[in-house]
Amino acid sequence: MHSPICWGEDSFLIMGKRLLVYSDCYIYGGSERLMSFLVKNSVLSKNYEITFAYRAHKQYSSAMESDFGSFKGKIIPLKLVSNDTINHNITSKTYTFLAILTKIVFTSFYYSGFYFLFNSIKFIQMLRDVKPDILHINNGGYPAARTCSQLAIVAKLFGVEKIVYQVNNQARKPKFFGYLINPIVNLCVGNFVTASNLAKFNLSVNAGFKPEKITLVKNVVMAKPLTSNRESLLQFYSLQKDVLILVQVAFLTKRKGQINAIKALHRLKMNNNRRFVLFLIGDGEDRSDLEKATVDMGLQDDVFMLGNRNDYHEFLAIADFVLMPSIQDEDMPLVVIESMLLHKVIIATDFAGIGEVIENQHSGILLNPSSSNLAEEIAGSIIALVSDNIKREGIIQNVAFAASQFSEENYGKQLLAIYR
């Protein structure tokens, strides 16, 4: 059924235009949440009939419900064949003979061409059903989820008018058939989208995509309503009113740097009379290692590992400091933007898009992600701000002003310009 004829923001008439958004990731993370904001964007929904499709697997399907629940368009869960989830589950900590053999077997299936053939049939069925004028592909990195590039090729052959490919992390240099696939993807895609200058640079240099095709679009967050307050959460976790709260929301993996947050807390506990606690929200392959580190440092009563939570924004709202000590592979974390909208003091590493939205010592604290003393620098920054109320309040005021650039309207207009 065609969408009604409507006038866009600049009185451009769009007649029954269909936008199909496709996403694939082995976890449901920030780049996936971003797509929920895209499909519900008021500027885009006035101009397009929007359908969302994704590679269906258990973790993704269960986690997406809270973000996509209010989306009025069609959602298509696609049963595709992919090694991404399998490879994620077989981590570096499980390099047994059986694990290695499993990866070899499934990798051989991928390179046999069976996956591409099977997925192509599924994609063609979807394209025939939706008949999109515009296809927006969302990938957590590059090459990352290979079904994303497969869809770009199939959609071009199918005759989709406009293909936009979004990459939410740093592109890596190609391996094996990547040297053949990347030029094909470059020919099929009209525009690439990313959120930071570093990601744009790596997409051009490492993946070989034309720089003039790559557009920067700053991410956006649709704030969720708060249903609790600091007092109630402190009471629930049996914490005193004068406790200082550190919060990090991220996938539990080495590149997100949670170990440095834990070490910083240990330093604070050893060298400060005030009590600090750390809420780590998220899950991932490093959870057991982080739990062990917490016990080894005697922080089991000070670190709360809460797993994946749909209400993580409630903890951001009560945080005295939000930490984002990532050490690699970031683009523009949504948690940073959400924390800015909540007017929080953010202590983060100066990596990719983080340093493009936070001005060091003005609207937040930026640290060197390569520093061998990162944990100490995090702790030192916290102590300095706790001791200087004027500076801390100044950062809060400045971050409130800086957050004004992340509006739903600006985000929608930037994408609308690319789609046209």
Side-chain angles (χ1 to χ4, degrees), residues 226 228-250 252 256-282 290-306 309 311-326 335-336 338-340 342-349 354 358 360-368 371-400:
L226 298 173
S228 62
N229 55 39
R230 184 182 176 97
E231 183 178 359
S232 63
L233 285 174
L234 290 179
Q235 185 176 4
F236 183 84
Y237 289 100
S238 302
L239 298 171
Q240 298 297 315
K241 291 183 179 180
D242 62 345
V243 69
L244 289 170
I245 298 175
L246 316 179
V247 176
Q248 182 177 357
V249 181
L252 300 185
K256 293 294 187 178
Q258 283 94 351
I259 188 63
N260 288 307
I262 295 172
K263 289 179 178 179
L265 179 65
H266 181 256
R267 186 176 181 86
L268 290 169
K269 185 175 182 179
M270 295 296 101
N271 298 281
N272 204 285
N273 293 327
R274 294 286 299 273
R275 188 185 179 196
F276 294 82
V277 295
L278 171 63
F279 286 97
L280 292 178
I281 301 172
L290 295 172
E291 289 174 337
K292 183 178 184 301
T294 297
V295 173
D296 290 345
M297 290 182 233
L299 298 173
Q300 53 266 46
D301 295 327
D302 306 296
V303 177
F304 298 84
M305 302 186 68
L306 305 184
R309 305 260 317 213
D311 64 346
Y312 69 90
H313 60 291
E314 305 282 356
F315 294 88
L316 291 176
I318 68 167
D320 294 291
F321 299 95
V322 174
L323 307 182
M324 184 57 67
S326 301
V335 171
V336 171
E338 192 155 5
S339 300
M340 293 176 73
L342 290 168
H343 307 166
K344 292 299 167 179
V345 177
I346 303 167
I347 299 176
T349 45
I354 300 174
I358 295 176
N360 188 30
Q361 302 295 329
H362 180 75
S363 55
I365 304 297
L366 295 177
L367 304 173
N368 183 354
S371 173
S372 59
N373 299 312
L374 184 55
E376 289 80 2
E377 292 172 12
I378 294 170
S381 298
I382 293 171
I383 292 171
L385 289 173
V386 169
S387 304
D388 191 340
N389 290 332
I390 295 176
K391 183 173 183 178
R392 189 171 71 252
E393 289 301 320
I395 288 177
I396 291 172
Q397 291 178 14
N398 295 331
V399 79

Next item on the list: Taking all non-hydrogen atoms of both residues into account, name the closest pair between His266 and Met297 and its distance.
Entry: CD2-O, 3.3 Å
Note to self: I need the minimum non-hydrogen distance between Ile259 and Ala293, along with the two atoms involved.
What the structure shows: CD1-CB, 3.7 Å
Next item on the list: Sort and list the pairs that fulfil side-chain hydrogen bond (donor to acceptor under 3.5 Å, both in side chains) and have at least one residue in residues 271-280, not counting sequence neighbours.
Entry: Arg275-Asp302
Next item on the list: Please answer whether the main-chain N or O of Gly298 pairs with a side-chain N or O of Lys269 as donor and acceptor at a distance below 3.5 Å.
Entry: yes
Next item on the list: With sequence neighbours left out, write down each residue that passes side-chain contact (heavy atoms from CB on, under 4.5 Å) with Glu291, or none if nothing qualifies.
Entry: Arg287, Met305
Next item on the list: Could you grab the distance from atom OH of Tyr312 to atom CG of Leu306, nearest 0.5 Å is fine?
Entry: 14.0 Å
Check: What are the two closest non-hydrogen atoms of Val322 and Ser339, and how far apart are they?
Finding: CG1-OG, 3.4 Å
Checklist line | Euclidean distance, Leu252 CG relative to Gln258 CD, rounded to 0.5 Å | finding: 5.0 Å
Check: Between Val399 and Val345, is a side chain to side chain contact (heavy atoms under 4.5 Å, CB included) present by the stated rule, with each step listed?
Finding: CA-CA 8 Å; Val399 79; Val345 177; over 6 Å; no
Next item on the list: Assess whether atom CD of Gln235 is packed by more than 12 heavy atoms of other residues, nucleotides or ligands within 6.0 Å.
Entry: no
Notebook entry, point to check: Should Lys292 and Val295 count as side-chain neighbours, where that means a heavy-atom distance under 4.5 Å?
Noted result: no
Next item on the list: Give a yes or no on whether the backbone of Leu316 and the side-chain of Glu338 come within a donor-acceptor separation of less than 3.5 Å.
Entry: no
Check: For Gly394, does its backbone N or O pair with a side-chain atom of Asn398 as donor and acceptor, under 3.5 Å?
Finding: yes
Item checked: Thr349 side, atom OG1; Lys256 side, atom NZ - distance, nearest 0.5 Å -> 9.5 Å
Next item on the list: Could you go through the ring-ring contact (aromatic ring centres under 6.0 Å, His included) check for Phe279 and Tyr237 one step at a time?
Entry: CA-CA 11 Å; Phe279 286 97; Tyr237 289 100; 5.2 Å; yes
Item checked: Euclidean distance, Ile262 CD1 relative to Leu246 CG, rounded to 0.5 Å -> 11.5 Å
Notebook entry, point to check: Taking the side chain as C-beta and beyond, is there a heavy-atom pair between Ser371 and Glu376 under 4.5 Å?
Noted result: no
Next item on the list: Keeping to residues at least two apart or across chains, list the salt bridge (charged side-chain N to carboxylate O under 4.0 Å, His left out) pairs with something in residues 229-245.
Entry: Arg230-Asp320
Note to self: Would you compute the distance between atom OG of Ser228 and atom CG of Leu234 and round it to the nearest 0.5 angstrom?
What the structure shows: 10.0 Å
Item checked: Rounded distance [0.5 Å steps], CG in Leu278 versus CG in Leu299 -> 8.5 Å
Check: Considering all heavy atoms of both residues, which atom of Ile365 and which atom of Ser381 are nearest to each other, and what is their separation?
Finding: CG2-OG, 3.7 Å
Next item on the list: Tell me, with the steps shown, if Val277 and Phe304 meet side chain to side chain contact (heavy atoms under 4.5 Å, CB included).
Entry: CA-CA 8 Å; Val277 295; Phe304 298 84; 4.1 Å; yes
Checklist line | Closest non-hydrogen atom pair, Leu265 against Val303 | finding: CD2-CG2, 3.5 Å
Next item on the list: Just do the side chain to side chain contact (heavy atoms under 4.5 Å, CB included) check on Val386 and Phe321 with the steps written out, would you?
Entry: CA-CA 10 Å; Val386 169; Phe321 299 95; 3.8 Å; yes
Notebook entry, point to check: Do you know which two heavy atoms are closest between Lys344 and Ala319, and how far apart they sit?
Noted result: NZ-O, 3.1 Å
